[in-house]
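Worksheet: the structure to be examined is printed underneath.
First the proteins, then the strands, lettered A, B, ... as listed; each starts at 1.
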There are 6 protein chains.
Amino acid sequence: MSRPVLLFSGQWADLPLEDLVTKVAEWGYQGVELCCWGDHFEIPRGVREDDYCQHRLDLFAKHDVQPLVLSQHRVGQAICDPIEPRHRRILPDHIWGDGDPVGVRERAVEDMMASIRLAQKLGIGLITGFTGSPFWAGVTGYPTLTHEEVVEGLRTFAELWTPILDACHEAGIRFALEVHPGQVAFDLVSAEMVLDALEGREDFGFLFDPSHLHWQGIDPVEFLRRFPDRIFHVHIKDIALTLNGRTGVLNGYQGPGDSRRGWHFRCPGHGGIDWEGLIRGLNAIHYEGALAVEISDAGMDREYAADEAAKFVKRLDFPPR
Amino acid sequence: MSRPVLLFSGQWADLPLEDLVTKVAEWGYQGVELCCWGDHFEIPRGVREDDYCQHRLDLFAKHDVQPLVLSQHRVGQAICDPIEPRHRRILPDHIWGDGDPVGVRERAVEDMMASIRLAQKLGIGLITGFTGSPFWAGVTGYPTLTHEEVVEGLRTFAELWTPILDACHEAGIRFALEVHPGQVAFDLVSAEMVLDALEGREDFGFLFDPSHLHWQGIDPVEFLRRFPDRIFHVHIKDIALTLNGRTGVLNGYQGPGDSRRGWHFRCPGHGGIDWEGLIRGLNAIHYEGALAVEISDAGMDREYAADEAAKFVKRLDFPPR
Amino acid sequence: MSRPVLLFSGQWADLPLEDLVTKVAEWGYQGVELCCWGDHFEIPRGVREDDYCQHRLDLFAKHDVQPLVLSQHRVGQAICDPIEPRHRRILPDHIWGDGDPVGVRERAVEDMMASIRLAQKLGIGLITGFTGSPFWAGVTGYPTLTHEEVVEGLRTFAELWTPILDACHEAGIRFALEVHPGQVAFDLVSAEMVLDALEGREDFGFLFDPSHLHWQGIDPVEFLRRFPDRIFHVHIKDIALTLNGRTGVLNGYQGPGDSRRGWHFRCPGHGGIDWEGLIRGLNAIHYEGALAVEISDAGMDREYAADEAAKFVKRLDFPPR
Amino acid sequence: MSRPVLLFSGQWADLPLEDLVTKVAEWGYQGVELCCWGDHFEIPRGVREDDYCQHRLDLFAKHDVQPLVLSQHRVGQAICDPIEPRHRRILPDHIWGDGDPVGVRERAVEDMMASIRLAQKLGIGLITGFTGSPFWAGVTGYPTLTHEEVVEGLRTFAELWTPILDACHEAGIRFALEVHPGQVAFDLVSAEMVLDALEGREDFGFLFDPSHLHWQGIDPVEFLRRFPDRIFHVHIKDIALTLNGRTGVLNGYQGPGDSRRGWHFRCPGHGGIDWEGLIRGLNAIHYEGALAVEISDAGMDREYAADEAAKFVKRLDFPPR
Amino acid sequence: MSRPVLLFSGQWADLPLEDLVTKVAEWGYQGVELCCWGDHFEIPRGVREDDYCQHRLDLFAKHDVQPLVLSQHRVGQAICDPIEPRHRRILPDHIWGDGDPVGVRERAVEDMMASIRLAQKLGIGLITGFTGSPFWAGVTGYPTLTHEEVVEGLRTFAELWTPILDACHEAGIRFALEVHPGQVAFDLVSAEMVLDALEGREDFGFLFDPSHLHWQGIDPVEFLRRFPDRIFHVHIKDIALTLNGRTGVLNGYQGPGDSRRGWHFRCPGHGGIDWEGLIRGLNAIHYEGALAVEISDAGMDREYAADEAAKFVKRLDFPPR
Amino acid sequence: MSRPVLLFSGQWADLPLEDLVTKVAEWGYQGVELCCWGDHFEIPRGVREDDYCQHRLDLFAKHDVQPLVLSQHRVGQAICDPIEPRHRRILPDHIWGDGDPVGVRERAVEDMMASIRLAQKLGIGLITGFTGSPFWAGVTGYPTLTHEEVVEGLRTFAELWTPILDACHEAGIRFALEVHPGQVAFDLVSAEMVLDALEGREDFGFLFDPSHLHWQGIDPVEFLRRFPDRIFHVHIKDIALTLNGRTGVLNGYQGPGDSRRGWHFRCPGHGGIDWEGLIRGLNAIHYEGALAVEISDAGMDREYAADEAAKFVKRLDFPPR
């Protein structure tokens, strides 16, 4: 099957985009999911400089690499989250400002709005991202949420995101929320409730990354079966469970690669994801979007990984009957 | 072995204490872990009424039931947590007040201080509770915490709790934090770091409840092995994993008993806890404290459960070599 | 919970009913699921002798044992099955006759009709049984059935059973098909299709016996969740899987107890059924019918088993919250 | 090891043989197991037309593809089965005729006899096929068979097949029954009893296809160990178990690819068969016959699968010590 | 079933026999397997003092406890083992002497001979014990044994034990080797070869203790199936596997109870033995001997354990069909 | 990563070294771990003939194959073992002599000393080998060792090996004991105790071969984590567990390839070792030594295996982050 194989640029934002694109082409990717941080795609410049988008497009064209998807994960997180000190690290200065939560949120919304217009200029039809969550601490901690509190929180989410989704709709762009801990949707039930909260609007769907479901004990293919027409984008990222009685499944206080963790993200094919089942699952729902490799592996050289992963995904992807 | 078998009164606060104590005696428990909500033990009345403590003691004596432990879980949660709407549900009005976070925290600290003095009057040597967490959303969500942010957050925790623990120390009372999601300690690594943050002070230890570790994939006995001299109290509560590909391990948006959950608390002996291993683990560390049954089971009549559990625990507890 | 605990009399038909009922009372059962073979309940005599039903009722009353359910498994099997030599063994002579398939079926239908009238005389509101299957060999063998063939076969089933179910309906009696290999319903999908074939008529439901689902790899509780209002009766029978690489899950050519089998029926509590989950599943659907112990264990004395099982089931059955 | 790698033509009978053979050569197969349906090999034409066999041989020679094995699965099924409507679909008109069971069986036997003579003309030394079963419904359903009934049924089988096997013997041809549900042999015990029923005649052995054993819970290698000198032919077909609590292992009413099934046939290497163990098992019994790939995968393009499978099998097959 | 339930006295040899027998009766055992160390049964006194045996019998009779089996494990070990320093600990001084291997072995053989005569005087028909092994280090270490070396070593074993077994035979006594690491028989293959080395003499069989097979990965019931008529005696001892990635299955350098071990002997019912399967296995081979509880549990008070185990075994043992 | 990939020559000692080296180069290995048996490297000739070492080096240079490690496994075994007949098979005549244990040990020590001097001449910095064990029979058999006996035995080991290690030290050579059943170190605890017995001297470390840990139930990566700076050399050998209820994990009386064994050594990639985890484990400890393939597979042609394994290891080895 000829699904385009992309590299998600988010983990490479320390490299200038041109350096990355050169490598991406060598490794054999057809395109990128372009992140809006580092110098990969700078929203303020796009707003300010008339030719910024065209220069970006020229750069891609020169290397025959397609920017098929625009990622606004970081700024999206600030929209529903209660702002805490740890957000400073992921937000650019022009959004963080003085860190006052009300202002941060407003600037984050503006930035999302700008990115929709710029995507249009780039000819990109899909924005991916996080949404944040108004009550994440209650979803996993204590006191847990009542049904009423969940409904109320999702109403807040819908109020904050509806204008953004309306702008998407007008621009002919779809938005895909990455189903991920810390977001309003992170498992099957939450994804159902989020769709309900948005009254099923069709420009909103999911970025499906099996790694975030696997450690929760969820079979990613069940997610595909449940939402066959809402899978707008796919991340190819692996994960290995390393439970040994002392490690646990929560992220916890240990950083990436720490052997006291209960799971580790891995280069595709080096973890526990059932890729066979996943491709069959995508075939069964007639998914025709891109497969975007996300390199996140604390134990492997990232360039070696990106090179290997491009070959892995192409070998993996077989045509349905 | 003659470890006292208690009932934790927290799930029964809808009943007047006297009704509960009558039942507790009939079921064969030797005592209770007395919660500070409902009418079980009211801190403001204890502060206000000179003979309140004595009346409570008289009530227990009448039924030959011992109040061995005092539980301050709910108010403790408010000390380190960023205060959110969901906290209103667990806090009494005199603490919630207008809900302004700064005031809530101050009143929560005062309440803890008062409970130490009252425990002394009751002749109780152990207070159990939650601590809350300054960064719980970051522990399980996005963005995750850096090592520096963890250290900084635990320093905040230590600053807030040190005066309380000092007051415990002076009163000859120990404090046991329930290792539990949503608290500063919830697994092995976090428990280590919390002890370090408090510089190993000996009046601070853990309330060990195996159910909160089991769903994380952690073997509760490994916790006992790692902290043999910090187990100040034990909850006997069971939990059943019900992963089926569609359910996940996070609490999520589904309430107790919902069949779309990945785990359910259960009456002791009705879930997946390895009680054999647990008793051996407690014997191996020479634990001589109480075993407090916590009845939390969305599928069983609670009085039936409390009755059965008392017998279960007594049958379970065997003497070491 | 006070669900009546019965003994299914089918495996005891070599004993005169009175002998069995005496034992049943001693073992502590409240009643029986009364089979229509041996001398337990003889349809021809019921038809012929006016006082037969009353004499049977007197016998039960004398021992304070209630005949709550009437089992017509064997004759029911002959209604949809292509008749083969092996049917001779389970059918009484007055039904087998010369063994010509058309006649056997007609006489089986008549016998079912008679049993409905007699159940009414006995004051029994539920008949249990098998239905046979017009195409069982194709369900498990070769060539497999096409969707059209399945639909056609189920139409045949519906035609044959509708008059019987109509008679039930008029008599105020419900019929419960035991979900079982060899019948039109044997798993979740087939049970759904059978209900559809009968257009969801409410006098038709299922006899749920977890042992027949377990070896198929099906979680019995999933069956309860799928058909919460169609569980008319429950068999308490256990089963042990003994797969070792050489044994398989099909019944095969080996008889009961042969160690080359892949599974064995067992006395309740001696096999692999998750009884804890089962009781919770029954509680969750508010099942209020009987629990009928079926003793089928090639490795245990049946009287010992029946005695033990009565105690087991009573200990097992706990009240929901 | 240089075992010949074949493609079983049965799943490709919608294509003219010449089209298939062209592809087979391109994919790198050395030969085919030639089925007697579609236009691949037509028994009536072989009987009628003197040069039919030679023309077929010429076609194979032209593409350097060897017809090493002749498959008579479908007609063989009709010899012992009680004939039902579903057989019409697999039988050619000249055998089905008016569908009267006695006539169908007679014509099926004649067809088998003809195929032996034609195999001889083709220079093929091995015929593979099904046998049908006189009592399959009883093997998996209700009432189950007694030992006496099994013995009686196998005697019937031996009577029907002995003349055919005698004809094989005279023609210097061996017959391999595919061990498969719906046939007289489908697991270890049944295979033993079938050999006994034929008094161990050496021209009768088995077509070993691991996929039909795997879902029964049987380790295919145990079959090889048990019958080291009776493995006349091998099918390379994979199978994936997809049990999830709601699906079961029986074929049931769901067709290929339905996600409510408990297993699915798969392209080799895409399922649960332990191919490493299988090759070692074949090496251990010094199997020197062919490896015939059978493409049956509801989720993969069959030409892609056939191409990939040829490479897979060659990579798999390693020489013993 | 009324198999006698015994206590093996070996772990209690620090207590005077009379003290033990008193307890044994209280706990509800019917008898003992009497060890020949401590003061339980002293071979030299039996040889020397005419009335020693009668006094022992009187003691048993007084408490209504039967000495049904005589255990000569320790001295038996010295017969085939290369003698090393560690043997000193288990051998009495009159056998160890100066520790010279030739003399130790001679005295061990004499002691065995004497015990046969004394068993006869006691009216005991079964002696249990170890045999030692001429090449145990090679069975588990390096260099491993060739087939010829195994045969040669078993010939040595047969030469050394044949006179002892001949004496048994003359005395009408059977000898049961405990299948156990360190002995000539420790698994299925070795047990077969040992029987062959003794040419199948019928006075030699096995003491079956499931705990020694379980950690080797062997299903104890398979041993029963393989040697149905050679099970002369049964030990009821449990074992728990505690593999966690760092522990291993070899005994190693860690002593009993060390949490770094991969397994631990346990009081019956507290480990991983499938007792249900075991009783069925014993029933299937019509075993009618005794069930001797062996208390070996580093984590439980031994008197508590012995008391509990007597009840456990009686509850466990059910009659076959 | 550019770790050198070697072939261990020990399994090829039946071939003249030159023949092997020719093949080794063709298969793509960079070097060998050179064994001191067969004609591969003959200590007596090295001692006797001045130019022997240079001739060996010339041979390697001619084929561009590096002799990076010298293996003295066999002679090393004789140093601590109680000498038994089975040792004759692995020892050369000049060491076995008359087989008297005292003399054998002395000659073995001399041979080790000589090999150190010769390694120096060859420019090899690492000798690998076995040590034997003074009490192996007690480690796995009966009577088990007390803590005091273990300490005493390891003291003996240290006394025997210290002079050898001192000679290594002077020669600038390190010695790596293969952690292996039959040696003083065979699991984590024993390896710790051995290091302690040698007071942590830095010229002594381990040859890590995951296959010897896997069947013990130990995760090889845990060994790497425990001894990060003591891994001097690595064997790449695989192993498959074949437990089926009748087989056990002990070596036992069955030879290689016998299907009644519970495990089998395998060509790398054909067994149960988690190679992914292993490479990550080696990366995590910054292991920079060689990866020496050991071909031991009773079911695969050894030349095919050696060829395949060279490619397997190169594909496996990826660079860390």
Answer yes or no: is there a side-chain heavy-atom contact under 4.5 Å between C/Arg225 and B/Ser259?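 With C-beta onward as the side chain, the pair touches.
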Heavy atoms, side chains only, cut-off 4.5 Å: are B/Asn244 and C/Glu222 in contact?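 With C-beta onward as the side chain, the pair touches.
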Could you check C/Arg280 against B/Met300 for side chain to side chain contact (heavy atoms under 4.5 Å, CB included), going step by step and ending with a plain yes or no? CA-CA 8 Å; C/Arg280 288 180 186 267; B/Met300 190 185 289; 3.9 Å; yes
Is it the case that over 12 heavy atoms from other parts of the model lie below 6.0 angstrom from the [atom1] atom of [X]?
X	atom1	value
B/Asp14	CG	yes
B/Arg302	CZ	yes
C/Asp64	CG	no

Interatomic spacing from NE2 in B/His270 to CD in C/Glu276 - rounded to 0.5 Å: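 Answer for the NE2-CD pair, B/His270 versus C/Glu276, is 5.0 Å.
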Interchain contact, B/Asp297 with chain C, by part (heavy-atom threshold 4.5 Å):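 Both parts, backbone and side chain.
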State, to 0.1 Å, how close B/Tyr304 and C/Arg315 come at their nearest heavy-atom pair, and which atoms those are.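 Residues B/Tyr304 and C/Arg315, closest heavy atoms: OH-O, 4.1 Å.
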